[in-house]
Q: 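One structure follows; several queries about it will come next.
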Amino acid sequence: MNKKRENEFVFPFLINSVYFYWGRIMLRVVLADDENKVILLLQKLIDWQSLGYEVVGIANDGLRALELVKEKQPHLLITDIRMPGYDGIELIRCAKELQPKLHTIVISGYRQFEYAQNAIKYGVEDYLLKPLKQEELYGILLRLKDKFGEEAALELQLKRSGERRQELLIEALRDAVNRQKQFIDAEQAEAEYGFHFANGTYFAALIKPDIANAEQYQDGYSIMLHHALEIVRNEVQQLAGEYAVATISEGIAAVVCIPNYQAVAVKQCFTKIRKEIEKQRDLFWNIRCMVCLGSRKTCLKEMNVSMQEAIWLCLDRLCHIQPWRDADGETLPFEERYLMDPAQKKRFQEAAEYLDKERFEQELDDSYRCLLPNQNLNGQMVEDWFQQIVDAAHYGMKQSGNVEDYFLETMQEKFWRCSSVQDVYLLLRDGIRQQIQRLCEEKSMQEARPITEAKRYIQQHYQETLRLEDVSSAVGFNATYFSALFKKETGQNFMDYLTELRINKSKELLCIDSLSIQDVAEMVGYRDLKYFSRLFKKVTGVSPSDYKKLYK
């Protein structure tokens with residue numbers, strides 16, 4: 001049974017098993033904000049009891065809120081990010097120490113990125129922006145019930161089933177774009193996905209929120225993207241007769257069908273979406289949102305063309321920053337592509353194959369400097385450049401070791417989080433450098449492993465007549481290769497290492513009164529006493545007899 005089908009059977013069972021328990025209790029909530037009007041608004045916005053929540057305490061400062069957490073043991077803490085006593089971040093940290101399973105929601109009206117990121121680091125469930133909105137709070141509380149296994153989780157699951165249909169339709173459209181195939185018609189969409197597309201105007205849209213350093217704030221980025229998705233859904237459903245909205249790697253994709261198309265209404269809808277998303281600057285002060293509309297079509301089957309145009313426009317933000325792009329008003333130069341010189345591609349492959357980070361970075365710098373001056377440079381060309389370097393490096397690295405299976409997928413996913421050509425360059429530099437470093441470390445460990453086995457073998461057999469050929473054979477290498485590898489890993493040739501080991505062992509044995517020098521020599525592998533004495537003096541500077549006298 002595949003995972004999706006398995007979850008369809010398992011989820012109702014889990015809900016039923018926990019429903020009896022959670023249905024008997026109310027989920028306790030503590031509200032904390034230094035403004036009484038916000039506390040009052042929180043209490044009035046929601047019918048807490050009908051949702052299965054009970055407000056058990058309110059506080060106007062962090063110290064009192066922490067006392068309430070200790071006294072009331074709430075399931076949920078909703079707190080302002082700035083308060084006297086303890087601010088919201090410190091309160092969350094202390095409250096989590098008292099009650100690790102406590103769920104928290106942050107209220108933010110404070111425009112500073114670091115505050116919100118610190119809150120996310122301490123595991124907040126979600127955040128609310130001032131002024132507070134009833135639908136946002138309701139949605140967050142409903143999602144939380146899913147975690148508690150309450151009856152509301154079933155309602156959420158019904159909602160998600162509709163969202164899943166939208167995701168599947170968008171995935172099918174994205175696949176059609178990749179394969180350059182016509183999309184399905186309205187009849188197929190109804191039969192396979194349950195959509196009722198009617199006559200009207202169709203178009204695809206791609207909404208792309210960008211924040212700098214997105215890779216450093218993956219949890220925060222995911223929360224931001226979730227909120228952006230809800231904003232798009234809420235606005236598009238008021239505009240369209242039928243629609244599908246889902247998150248894809250490129251951004252938030254939408255397929256829209258409008259029976260009576262009005263250009264002004266469409267512009268207003270998507271402008272509002274962009275502005276609502278950018279309001280999240282309270283958490284992401286440098287967020288930038290771009291709306292890309294594909295050309296208008298008369299049937300669903302042509303949506304692959306419209307989506308391809310929206311994706312091209314979204315790619316082009318890497319070179320041309322604009323908040324709004326519409327394929328109906330532009331001629332898109334799909335034919336302008338970037339093709340790397342075969343000799344340069346070969347150099348990238350070789351640098352990666354030889355695990356030469358410095359050479360790879362030099363090739364990348366040279367290529368980057370050649371790319372930038374191109375006056376006709378567009379986002380598609382940047383993606384071509386990126387993909388050809390990744391493919392060349394991947395091919396080269398595979399010749400030297402096992403490249404992680406998800407390397408290509410991860411690089412592609414990270415590419416769509418880049419918001420400039422420089423970001424793409426840094427992703428290539430850092431992402432491939434990390435892979436090369438990992439392969440170097442693995443190779444070093446592989447080379448060191450037989451040396452470790454050889455040392456163990458020498459330790460066990462140093463008292464015998466031991467030759468290089470004996471040790472190399474024991475670890476499965478020919479003598480010439482093993483000798484070079486041993487010198488590389490230990491800094492000594494085999495005989496120097498063996499001599500040092502034997503002399504050190506003899507020093508320990510010479511300190512034992514009952515053992516003669518002849519006994520010691522034979523015990524460390526030397527049958528010739530004179531040879532042993534000369535070698536010992538050469539290494540230590542004193543004869544074995546003098547050394548023995550020193551320790552009497």
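In what follows, residues are counted from 1 in the order of the sequence shown.
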Q: Around atom OH of Y243, are there more than 12 heavy atoms from other residues, nucleotides or ligands closer than 6.0 Å?
A: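 Yes, OH of Y243 has more than 12 neighbouring heavy atoms, counting only those of other groups under 6.0 Å.
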Q: Carefully, step by step, assess I89 and R93 under the rule side-chain contact (heavy atoms from CB on, under 4.5 Å).
A: CA-CA 6 Å; I89 297 169; R93 186 185 67 78; 5.8 Å; no
Q: Quick one: do K272 and E276 make a salt bridge, cutoff under 4.0 Å?
A: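 No, this pair does not count.
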Q: Side chains of H196 and E190: is there a donor and an acceptor less than 3.5 Å apart?
A: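 Short answer, yes.
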Q: Would one find more than 12 heavy atoms of other residues, nucleotides or ligands at under 6.0 Å from atom CD of Q262?
A: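 Not more than 12 within 6.0 Å, no.
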Q: Looking just at side-chain N and O atoms, do D126 and H226 make a donor-acceptor pair shorter than 3.5 Å?
A: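 Distance-only check fails for D126 and H226.
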Q: State, yes or no, whether a side-chain contact exists between D384 and M340 at a heavy-atom distance under 4.5 Å.
A: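 When only atoms from C-beta onward are counted, M340 and D384 do not touch, as no gap falls below 4.5 Å.
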Q: Please check: side-chain N/O of S306 versus main-chain N/O of A204, any donor-acceptor pairing under 3.5 Å?
A: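 Looks like yes, one N/O pair under 3.5 Å.
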Q: Please indicate whether L40 has more than 12 foreign heavy atoms, meaning atoms of other residues, nucleotides or ligands, lying under 6.0 Å from its CG.
A: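 Counting neighbours around CG of L40, more than 12 heavy atoms of other residues, nucleotides or ligands fall under 6.0 Å, so yes.
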Q: Hey, does E302 have a side-chain heavy atom less than 4.5 Å from the side chain of Y202?
A: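 The answer is no; the side chains never approach within 4.5 Å.
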Q: How are the rings of Y368 and Y425 set relative to one another: parallel (under 30°), tilted (30 to 60°) or perpendicular (over 60°)?
A: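 Parallel, since the angle between the ring planes stays under 30°.
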Q: Examine the side chains of S367 and W385 and answer whether a donor and an acceptor come within less than 3.5 Å of each other.
A: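 Short answer, yes.
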Q: With a 4.0 Å cut-off on N to O distance, would you call R28 and E54 a salt bridge?
A: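 E54 and R28: not salt-bridged.
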Q: Is any NZ, NE, NH1 or NH2 atom of the basic residue among R433 and D430 found under 4.0 Å from an Asp or Glu carboxylate oxygen of the other?
A: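 Looking at R433 and D430, the cut-off is met.
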Q: The test is side-chain contact (heavy atoms from CB on, under 4.5 Å); show your working for L293 and R325 and say whether it passes.
A: CA-CA 6 Å; L293 300 187; R325 298 285 294 272; over 6 Å; no
Q: Above 12 or not: heavy atoms from other molecules or residues under 6.0 Å from CD of Q375?
A: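 No, not enclosed.
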Q: Does E171 pair with R164 as a salt bridge, N-O distance under 4.0 Å?
A: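 Salt bridge between E171 and R164, a charged N being under 4.0 Å from a carboxylate O: yes.
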Q: Contact between Y338 and Q388 at the side-chain level, heavy atoms closer than 4.5 Å - yes or no?
A: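 Of all side-chain heavy-atom pairs linking Q388 with Y338, at least one is under 4.5 Å.
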Q: Is it the case that E163 and Q166 place a side-chain donor and acceptor less than 3.5 Å from each other?
A: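 No donor-acceptor contact under 3.5 Å links the two side chains.
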Q: Please check if the side chain of N378 supplies one atom and the backbone of M381 the other of a donor-acceptor pair under 3.5 Å.
A: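 Side chain of N378 to backbone of M381, a donor-acceptor pair under 3.5 Å: yes, one is there.
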Q: Less than 6.0 angstrom separating the ring centers of Y53 and H75, yes or no?
A: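 Between H75 and Y53, which both carry aromatic rings, the centre distance is not below 6.0 Å.
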Q: If you measure only the distance, is there a donor-acceptor pair under 3.5 Å linking the side chains of N60 and N36?
A: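 On atom types as modelled, these side chains qualify, holding a pair under 3.5 Å.
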Q: Is the closest side-chain donor-acceptor distance between E309 and S295 under 3.5 Å?
A: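 Looking only at side-chain atoms, S295 and E309 do form a donor-acceptor pair, the distance falling under 3.5 Å.
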Q: So for atom CD, which belongs to Q422, do other residues, nucleotides or ligands contribute more than 12 heavy atoms lying within a distance under 6.0 Å?
A: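 Incorrect, the count does not exceed 12.
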Q: Quick check against the 3.5 Å criterion: does R317 have a side-chain atom that pairs as donor or acceptor with the backbone of M290?
A: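 Absent.
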Q: Whether K275 and E278 form a salt bridge (side-chain N of Lys/Arg under 4.0 Å from carboxylate O of Asp/Glu) is what I want to check.
A: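 No.
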Q: Looking at E409, I want to see if its CD is surrounded by more than 12 non-hydrogen atoms of other residues, nucleotides or ligands under 6.0 Å.
A: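 Result for CD/E409: open.
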Q: Between the side chains of D391 and Q387, does any donor sit under 3.5 Å from an acceptor?
A: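 Per modelled atom types, D391 and Q387 side chains form a pair under 3.5 Å.
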Q: Is the CG atom of N199 crowded by more than 12 outside heavy atoms at less than 6.0 Å?
A: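 Counting other residues, nucleotides and ligands, CG of N199 stays at 12 neighbours or fewer.
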Q: Answer yes or no: is there an ion pair linking D341 with K345, defined by an N-O contact shorter than 4.0 Å?
A: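 Salt bridge: no.
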Q: Of R296, K297, K267, which meets salt bridge (charged side-chain N to carboxylate O under 4.0 Å, His left out) against D328?
A: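 Going through R296, K297, K267 one by one, the salt bridge (charged side-chain N to carboxylate O under 4.0 Å, His left out) with D328 is satisfied by R296 alone.
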Q: Measure the acute angle between the ring planes of H394 and F407, then classify it against the limits of 30° and 60° as parallel, tilted or perpendicular.
A: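 Geometry flag for F407 against H394: parallel rings.
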